[in-house]
Asks: 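Got a structure here, written out as structure tokens. Questions coming.
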Amino acid sequence: MKLFNKHRSSFLLLLIGLGLGMLISGQGQVSAVPKEDYESLEAFTNILAIVRKNYVDEVQTKDLINGAINGMLNGMDPHSAYLTPELYKELQMDTQGRFGGLGIEITVRNGILTVVSPIEDTPAFLMQAVKKMRGPKGTKLNLSVKREGVTDLLDFSIVRDTIRVQSVRSRLLEEGYVYVRLAQFQERSDRDLQRALEKLASEKAGIRGLVLDLRNNPGGLLTQAVRVADLFLESGMIVYTEGRLENQKQKYFARKEGSWTEFPIVVLVNGGSASASEIVAGALQDHKRAVILGTKTFGKGSVQTILPLDDNSALRLTTARYYTPKGRSIQATGIVPDIVMESVPLQESKAEEKKRLGVREENLPGHLQNQKEQKEKEKPAQPEREEGGENDAQLRRALELLKGWDVFKQLVQKKAG
């Protein structure tokens with residue numbers, strides 16, 4: 001018993017020391033540890049010792065500690081997490097847009113691993129699941145898939161390939177009117193977008209109107225969101241963040257150099273537009289630089305900071321909320337388009353409509369509360385389909401708006417002349 005108490009006390013002192021170390025590094029000064037913190041840490045070490053001694057199978061202390069860390073972070077919000085060295089490496093590959101895998105976007109819905117959509121131009125058009133599905137190019141993976149309306153599981157054998165996520169796609173809609181789809185915000189998205197605009201501008205009629213498609217864009221790097229918005233703004237604030245620490249309070253502004261301001265923009269969004277997509281849409285909306293068309297966005301208005309640890313692991317920690325130039329927090333409320341337009345057919349039944357409701361930030365367990373906007377709950381936006389295709393009603397409407405904008409501008413100029 002004395003030996004147990006000695007080990008417990010040593011472990012308790014270690015945890016307290018770690019806590020003090022975080023206070024020193026995070027705040028720049030040592031704060032007194034409240035008595036209740038000592039008591040909570042002692043309760044934790046008691047539970048740890050009891051589990052190790054009495055659990056049905058032998059367990060390692062490292063595994064218990066990792067489980068406790070994950071439980072602590074998962075209990076705060078859906079986006080904070082502990083990244084093992086393997087998961088941290090996966091995250092770095094995601095932001096670079098190149099990895100060995102299948103080419104599908106997945107999420108967890110009602111405890112079930114769910115395929116959201118294929119990634120464009122990949123074999124198939126959550127970190128632990130991602131790790132199992134990724135692997136060297138040319139290797140095979142067997143998947144069992146459950147489909148709605150099918151009783152038995154469907155088995156598929158898929159060959160892995162090198163996945164290069166093309167974040168920017170562009171094409172000419174009609175003479176002078178162009179379409180650019182931004183699939184996610186990676187390290188080179190701003191440069192890829194700049195090149196796409198330069199190529200489109202070199203066409204005979206140049207660019208008279210732009211449709212920027214951010215539908216089902218889950219976000220990505222905050223710095224890229226700022227740079228993309230900066231391409232279309234000459235001045236003013238793009239976004240600002242508010243956190244508990246001074247270094248988490250940041251303001252980002254547009255610069256005049258390299259701005260594309262000669263043509264009108266319609267931005268397409270939906271319930272799958274999140275995070276960085278909402279920063280861009282919110283900034284262009286507040287500055288009246290673009291008309292936002294579609295359905296309400298996902299509503300992820302929080303900033304996650306990656307904090308590397310000594311063993312090549314990392315913490316993904318929610319450290320701030322971000323706000324649009326006019327001070328709007330979109331956390332759990334989203335960006336409401338200037339023109340709300342569903343893409344699903346009007347004749348769709350209520351039962352079919354209910355099936356198609358998308359998952360948004362406000363539906364995630366433990367999501368951060370919006371501190372500024374109203375708390376009124378709104379119906380989640382519906383997922384769109386056939387982005388950029390011939391049957392894309394939202395894209396057709398966007399093109400009509402741009403043409404009408406151009407006609408109106410010409411009439412005003414003619415009257416003024």
Side-chain angles (χ1 to χ4, degrees), residues 14-15 18-19 21-22 24-26 59-108 113 116 119 122 126-137 139 141 160-165 167 183-189 217-226 241 243 245 247-248 250 274-277 279 300 302-322 361 364-368:
L14 173 62
L15 286 177
L18 289 174
M22 291 183 70
I24 292 171
S25 61
V59 290
Q60 300 297 318
T61 301
K62 180 180 179 181
D63 295 333
L64 293 174
I65 297 284
N66 285 342
I69 292 172
N70 283 319
M72 173 180 64
L73 294 171
N74 292 338
M76 293 191 296
D77 68 82
H79 309 294
S80 294
Y82 171 64
L83 305 177
T84 63
E86 295 80 11
L87 297 179
Y88 184 27
K89 186 176 180 180
E90 296 283 351
L91 177 66
Q92 291 172 312
M93 287 192 293
D94 282 342
T95 59
Q96 294 168 357
R98 177 175 177 173
F99 53 85
L102 305 181
I104 55 177
E105 294 179 9
I106 60 174
T107 187
V108 175
L113 189 67
V116 177
I119 300 173
T122 67
L126 315 181
M127 302 310 287
Q128 291 294 342
V130 168
K131 179 182 176 183
K132 290 183 178 180
M133 286 189 278
R134 287 188 179 173
K137 176 181 178 180
T139 58
L141 177 69
R160 295 182 175 95
D161 199 353
T162 300
I163 308 301
R164 296 178 177 86
V165 180
S167 66
Q184 64 186 75
F185 291 81
Q186 302 170 353
E187 289 180 354
R188 299 176 56 88
S189 294
N217 182 325
L221 300 173
L222 171 63
T223 52
Q224 282 296 309
V226 171
T241 62
L245 304 181
N247 62 3
Q248 295 161 357
Q250 302 288 334
S275 189
S277 297
I279 290 177
K300 182 182 176 295
S302 60
V303 179
Q304 282 68 49
T305 301
I306 304 300
L307 304 171
L309 303 176
D310 292 339
D311 62 348
N312 294 321
S313 64
L315 290 181
R316 183 177 64 204
L317 192 64
T318 300
T319 55
R321 290 177 173 86
Y322 64 74
E361 173 79 7
L364 298 179
H367 69 265
L368 295 179

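All values below were derived from every heavy atom in this structure, side-chain atoms included, with hydrogens, water molecules and symmetry-related copies excluded. A quick note: this is a predicted structure, and the numbers were derived from the prediction, not measured.
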Asks: I need the Leu83 CG to Asn312 CG distance, nearest 0.5 Å.
Replies: 12.5 Å
Asks: May I ask you to decide if Arg160's main-chain N or O and Thr139's side chain share a donor-acceptor pair within less than 3.5 Å?
Replies: no
Asks: How close do Lys137 and Asp161 get, counting heavy atoms only, and between which atoms?
Replies: CE-OD1, 3.2 Å
Asks: Ser313 and Pro85: which non-hydrogen atoms are nearest, and at how many Å?
Replies: CB-CD, 3.8 Å
Asks: Do Tyr88 and Leu309 have side-chain heavy atoms sitting under 4.5 Å apart?
Replies: no
Asks: State the OG1-CG distance between Thr319 and Leu245, to the nearest 0.5 angstrom.
Replies: 8.5 Å
Asks: To the nearest 0.5 Å, tell me how far Gln304 CD sits from Thr318 OG1.
Replies: 4.0 Å
Asks: Keeping the roles fixed (side chain from Ser80, backbone from Leu73), state whether a donor-acceptor pair exists under 3.5 Å.
Replies: no
Asks: Is there a donor-acceptor pair under 3.5 Å between the side chain of Tyr82 and the backbone N or O of Ala68?
Replies: no
Asks: For Arg316 and Ile306, which heavy atoms make the closest approach, and how far apart are they?
Replies: CG-CD1, 3.6 Å
Asks: Measure across Pro308 and Ala314 and return the closest heavy-atom pair with its distance rounded to 0.1 Å.
Replies: CA-CB, 3.9 Å
Asks: Would you say the side chain of Thr241 lies within less than 4.5 Å of the side chain of Gln248, judging by non-hydrogen atoms?
Replies: no
Asks: Nearest heavy-atom pair of Gly219 and Ser275: which atoms, and what distance?
Replies: CA-CB, 4.2 Å
Asks: Could you tell me the separation between the CE atom of Met72 and the CG atom of Asn74, rounded to the nearest 0.5 Å?
Replies: 10.0 Å
Asks: To the nearest 0.5 Å, how far apart are CD1 in Ile279 and NZ in Lys300?
Replies: 8.5 Å
Asks: Where is the tightest heavy-atom contact between Gln186 and Gln224, given as atom of each residue plus distance?
Replies: O-CG, 2.7 Å
Asks: Quick one, Leu317 and Met76 - any side-chain contact, counting heavy atoms below 4.5 Å?
Replies: yes
Asks: What distance do Asn66 atom CG and Thr84 atom OG1 have between them, rounded to the nearest 0.5 Å?
Replies: 8.5 Å
